[in-house]
Engineer: 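This structure is in structure tokens; I'll ask about it shortly.
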Number of protein chains: 2
Amino acid sequence: MDQNSLPPIQTTARDDAVLKALVGFVRAEALQPGERLPTERILAERLKVSRNTVREALTRWEGLGLVERRQGSGTYLKAAVSPDMLHMPLTLAGGNDFTSLMHTLEIRRALEAEAAALCAERASPADIAEIKRKLDIMEQAFRTRDGMSSEEDWEFHQAIYRVSGNPLFEQIIAAMHELFHRFWEHPLGVRDFGHASFPYHRTIYECIAARDPQGARAEALKLIATVEDDLKRGAAKLKLSSQT
Amino acid sequence: MDQNSLPPIQTTARDDAVLKALVGFVRAEALQPGERLPTERILAERLKVSRNTVREALTRWEGLGLVERRQGSGTYLKAAVSPDMLHMPLTLAGGNDFTSLMHTLEIRRALEAEAAALCAERASPADIAEIKRKLDIMEQAFRTRDGMSSEEDWEFHQAIYRVSGNPLFEQIIAAMHELFHRFWEHPLGVRDFGHASFPYHRTIYECIAARDPQGARAEALKLIATVEDDLKRGAAKLKLSSQT
DNA sequence: GTGGTCCAATGGTCCAACCAATTCTGCACG
DNA sequence: CGTGCAGAATTGGTTGGACCATTGGACCAC
């Protein structure tokens, strides 16, 4: 007898069922990332479950980065969802010390270079225009505020990851990025962080626009190298000040 | 004015606080994975928060695979926790899809190459001997069983990640590896998987032993290229058979 | 316009009870 | 004495209802 013809019955899987229904809703309404999904109260009423159950389900999605909740405003879709998503939550024993930061940078160096190369291979004219737009915004912010364009800088990089066609780049580097920034301004208050890396953003873009994967890879490596330099200088300064 | 001198204030973060307290508890009691942690009701009472809040916090941890809840039994620790963990939730749209596997391979290509290069830079003589040992075991298994040495193959690669000095390589690639194998043998029954990649294991080792980072990187890229080839061939075969 | 006030909508928290699965307990029976 | 089973106690899962905190828009006085 085929054992697979008797799947275990699901007497309780309320929140899972809620998520499945939500996937169906998102697809039916063709919701795009950034759009708002129904109120918790409405979901609870429509699905005939308690609001608490809806909340547990949404908490799961929030933990997976699929959704973002803003009190007083609503719950917003943050990424595309599909019925057969595969979740691979990975928690690493990080550390807020210098070597841990260097480790994340080594990962980022590998991924950033590959993403830039893939991006140069696959970018459509529209993609290139979008990347240029982000680059302009970033350079503008950099000149206006004289450095500290971290937000726009990050958006530029994200655009590259997206055009690479592989969502894993963005997801993995986003985790690194968060750790990095959580640690950056607080312990090491390096004011001019990002100054050194600034010119390479444009060179990366130029290589992508020229469809030059190897060039893009090389420029990305240079960019990360400047960040590693900044980090080392910051750590040295920190060590010095702690000795006084 | 420096815009970063006014960070957003943090007024409420209940469930986050619960998790932080829980991390403290686990460390204070030196709880090991597998052990049970206090009841939701007890936690709620001790932390002076509602049981609902405790549940939301635990739901987060459950989603991250840090904890397992068994109704009627209790909540059990599933992995070590630390105050500064790095969460990296990866979600792939389209589970056993060809493109998903290709995406994991792109990540692996980037990381594998970087790890091999770092390994060649940093390996001590003892490290090199250890890698050679794994290589010999793998080659032996390959010849004896004529292919299908996936277990020993994996150990060889893990040795390289370890010698690279960056634990993130092993952890991230391990997650990919697990995903990859879960879908490999099942949908695409490619018997001779790994045959093509076999010779490159030795060439990688030789570059590492010769302290040649660029060579190691190049050989690692060749290895992944063969795996990508196998995957494409398997997918083509699958597509063909599904058309009959 | 500008700024302030109010108000409705929405996520966050709390409470108290009950349901469902599991585990423990103790008694009856062999 | 052990064995098995019924029932109690424990524990996570769900419910419904209430209130708080934040948000954002509407409205109004200046």
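Here is the naming used below: chain letters follow the sequence lines, and residue numbers restart at 1 for every chain. Keep in mind that what you see is a predicted model, and the values were worked out from it rather than measured.
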Engineer: Without decimals, in angstroms, what is the distance between Glu68(B) CD and dG13(D) C1'?
Structural biologist: 15 Å
Engineer: So, is Arg51(B) near the phosphate of dC15(C), with a side-chain N or O under 4.0 Å from OP1 or OP2?
Structural biologist: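 For dC15(C), OP1/OP2 do not have a side-chain N/O of Arg51(B) under 4.0 Å.
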Engineer: Is the distance from the ring center of His157(A) to that of His201(A) below 6.0 Å?
Structural biologist: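 Yes: the rings meet the under 6.0 Å criterion.
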Engineer: Does a side-chain N or O from Arg70(A) land closer than 4.0 Å to OP1 or OP2 of dG12(C), or not?
Structural biologist: no
Engineer: Between dG12(D), dG12(C), dG16(D), which nucleotide has the shortest distance from any of its atoms to the side chain of Arg41(A)?
Structural biologist: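 Among dG12(D), dG12(C), dG16(D), the one nearest the side chain of Arg41(A) is dG12(C).
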Engineer: Taking 4.0 Å as the cut-off, does a side-chain nitrogen or oxygen of Ser73(B) come that near to OP1 or OP2 on dT23(C)?
Structural biologist: yes
Engineer: Mapping Gly72(A) and Ile42(B) to their closest nucleotides on DNA chain D, which lands nearer the 5' end?
Structural biologist: Ile42(B)
Engineer: Using the salt bridge (Lys or Arg N to Asp or Glu O under 4.0 Å) rule, take Glu152(A) and Lys134(A) through it: C-alpha gap first, then chi angles, then the decisive distance, then the call.
Structural biologist: CA-CA 7 Å; Glu152(A) 294 80 2; Lys134(A) 301 282 188 186; over 6 Å; no
Engineer: Measure the distance from CG on Leu37(A) to P on dG11(C) and round it to the nearest whole Å.
Structural biologist: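 Distance, rounded to whole Å: 9 Å.
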Engineer: With distance as the sole criterion, is a donor-acceptor pair present between the side chains of Thr226(A) and Asp229(A) under 3.5 Å?
Structural biologist: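 Looking only at side-chain atoms, Asp229(A) and Thr226(A) do not form any donor-acceptor pair under 3.5 Å.
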Engineer: May I have the distance from Arg60(A) (atom CZ) to dG13(D) (atom P), rounded to whole angstrom?
Structural biologist: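 These atoms are roughly 9 Å apart.
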Engineer: Rounded to the nearest Å, what distance is computed from the CD atom of residue Glu40(A) to the C1' atom of nucleotide dG16(D)?
Structural biologist: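 Atom CD in Glu40(A) sits about 15 Å away from atom C1' in dG16(D).
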Engineer: What is the separation between atom CG on Asp16(A) and atom P on dG12(D), rounded to the nearest whole Å?
Structural biologist: 19 Å
Engineer: Less than 4.0 angstrom between a side-chain N/O of Arg69(B) and OP1 or OP2 of dT11(D), yes or no?
Structural biologist: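 Checking Arg69(B) against dT11(D): no side-chain N or O falls below 4.0 Å of OP1 or OP2.
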Engineer: Is it the case that the side chain of Glu35(B) and the backbone of Gln32(B) share a donor-acceptor pair, with hydrogens and angles ignored and the cut-off at 3.5 Å?
Structural biologist: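 A pair under 3.5 Å: yes.
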Engineer: Measure from CD on Gln71(B) to P on dT15(D) and round the result to the nearest Å.
Structural biologist: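 Rounded to the whole Å, the gap is 12 Å.
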Engineer: Establish, yes or no, whether the cationic atom of Arg69(A) lies under 6.0 Å from the six-membered ring centre of Tyr76(A) and within 45° of the ring axis.
Structural biologist: no
Engineer: Would you please confirm or rule out a distance under 4.0 Å between OP1 or OP2 of dT14(D) and any side-chain N or O of Thr53(A)?
Structural biologist: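 Result: no.
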Engineer: Lys48(A) NZ to dT15(D) C1': how many Å, rounded?
Structural biologist: 14 Å
Engineer: Nearest heavy atom decides the nucleotide; on that basis, is Glu62(A) or Asn52(A) closer to the 5' end of DNA chain C?
Structural biologist: Glu62(A)
Engineer: Rounded to the nearest angstrom, tell me the gap between atom CG in Leu43(A) and atom C1' in dG11(C).
Structural biologist: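 Whole-Å distance recorded here is 12 Å.
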Engineer: It should be established whether Arg14(A) places a side-chain nitrogen or oxygen under 4.0 Å from OP1 or OP2 of nucleotide dT15(D).
Structural biologist: yes
